[in-house]
Protein chains: 2
Amino acid sequence: MYIRIRPDSETPIYTQLIYQIKKGILRKELLPGEGLPSVRSLAGDIGINMHTVNKAYKLLVEEGVLTQQKKGFIVNSDTKLEIQPPHLLLYKERLEALVIDTQIFGMSEEMVEQMKQEIEATLKKDDEK
Amino acid sequence: MYIRIRPDSETPIYTQLIYQIKKGILRKELLPGEGLPSVRSLAGDIGINMHTVNKAYKLLVEEGVLTQQKKGFIVNSDTKLEIQPPHLLLYKERLEALVIDTQIFGMSEEMVEQMKQEIEATLKKDDEK
DNA sequence: TTTTTGTTCTATTTGACATATAACAAAATT
DNA sequence: AATTTTGTTATATGTCAAATAGAACAAAAA
């Protein structure tokens, strides 16, 4: 699985990593129950620190996306993964900010819908594209 | 116009202020051409520092939401305010992150749509509600 | 037995955020 | 004309998150 990190981005590395992994799961490049690389190996591969990878993994566990076994992290196999209240609150805040900017800049509903569909296309298996 | 700041929020104060002002414009509590309170008076009113207000104002000018006269900041009167490329990029990144979380947590399209409409209701003039 | 795993701890560096204070020129007010 | 208000600029300080570095540990896997 490909992971690309932009060190100079405003977005923290651990946040970038979190979304790269979520992307991998949605694209089925990471399957339920599949193990993730160890914090040390992944850190070494993409050239970042071990603790940064560990932070991303632990936050993903906290969200329920990953689970933790005695040894190592794996993709959660639960069919129904529901968002927890504190994360739902953050989700709503992000949605509100996006809606506000959409209206402030007078972006049409079609324009947003098109962008959304372009994004969704990148989140499908290569097979289905 | 009401402005409420949560000092303990993860969101920086200047960012909170930016969205409060955008909200005020959408709700028509701030009209095109209308002047905003001076950085000192607003800072004093809501109990934050002058430079924090100034930072929010300047960023809003940079986005085209406000303009600056010889003296003071005013709401931009341009009918067509179009988003600039760098801001559009950030917008797309935020939209992507939201779409990813929507799918990862298996949220239905109806659920998102409902949340969106609840938000949009808060962005209308009180008259229209 | 050796290696690998995540965990924990201490330490350091960097930058953003926010505040505080002061001084300035230009504009508005009195 | 004098005073006040405006945004601007500069310096300084404190706090915190992010990221790195290195070391040590017990438990599990090889």
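Protein chains get the first letters and strands the later ones, always in sequence-line order, with residue 1 at the start of each.
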Using modelled atom types and a 3.5 Å cut-off, is there a donor and acceptor pairing between side-chain atoms of [X] and backbone atoms of [Y]?
X       : Y        : answer
A/Asn76 : A/Val65  : no
B/Arg27 : B/Thr122 : yes
B/Ser9  : B/Arg6   : no
A/Gln69 : A/Ile74  : no
A/Glu34 : A/Leu31  : yes

Could you state the [atom1]-[atom2] distance from [X] to [N], rounded to the nearest angstrom?
X       : N      : atom1 : atom2 : value
B/Lys58 : C/dC17 : NZ    : P     : 16 Å
A/Lys70 : C/dG6  : NZ    : P     : 15 Å
B/Asn54 : C/dC24 : CG    : C1'   : 15 Å
B/Ile48 : C/dA18 : CD1   : C1'   : 9 Å
B/Arg40 : D/dT8  : CZ    : C1'   : 9 Å
A/Leu60 : C/dG6  : CG    : P     : 14 Å
A/Asp8  : C/dG15 : CG    : P     : 11 Å
B/Ile46 : C/dA18 : CD1   : P     : 11 Å

For [N], does OP1 or OP2 lie under 4.0 Å from any side-chain N or O of [X]?
X       : N      : value
A/Ser38 : C/dT5  : yes
B/Tyr14 : C/dA18 : no
A/Thr52 : D/dA18 : no

Discussion item. Side chains of B/Tyr91 and A/Thr102 only: does a donor on one sit below 3.5 Å from an acceptor on the other?
Written reply: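 Yes.
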
Worksheet item: If you measure only the distance, is there a donor-acceptor pair under 3.5 Å linking the side chains of A/Tyr19 and B/Asp101?
Response: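 A/Tyr19 vs B/Asp101: donor-acceptor pair found between side chains.
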
Worksheet item: What heavy-atom pair brings A/Val112 and B/Leu95 nearest, and what distance separates the two atoms?
Response: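 Result for this residue pair: O-CD2, 4.3 Å.
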
Practice prompt. Assign each of A/Met50 and A/Gln16 to its nearest nucleotide of DNA chain D by heavy atoms, then name whichever residue's nucleotide is nearer the 5' end.
Written response: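 The residue whose closest nucleotide sits nearer the 5' end is A/Gln16.
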
Nearest to the side chain of [X] - [options]?
X       : options                : value
B/Gln68 : C/dT4, C/dT19, D/dG7   : D/dG7
B/Lys71 : C/dT7, D/dT5, D/dT8    : D/dT5
B/Pro12 : C/dA18, C/dA27, C/dA22 : C/dA18

Item to complete: Using five pairs at either end of the helix from C/dT1-D/dA30 to C/dT30-D/dA1, determine the angle between the two local helix axes and round it to 10 degrees.
Response: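 The two end axes of the helix from C/dT1-D/dA30 to C/dT30-D/dA1 meet at 20°.
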
Discussion item. Under 4.0 Å, counting only non-hydrogen atoms across every strand here, what does A/Phe73 touch: a base, just sugar-phosphate, or nothing?
Written reply: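 If one applies the 4.0 Å heavy-atom cut-off, A/Phe73 turns out to touch the sugar-phosphate alone, with no base involved.
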
Worksheet item: Has the side chain of A/His51 got a donor or acceptor that lies under 3.5 Å from a partner of the other kind on the base of D/dG22?
Response: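 Yes.
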
Worksheet item: Counting only distance, no hydrogens or angles, is the base of D/dA18 paired donor-acceptor with the side chain of A/Lys55 under 3.5 Å?
Response: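 Side chain to base: no pair below 3.5 Å.
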
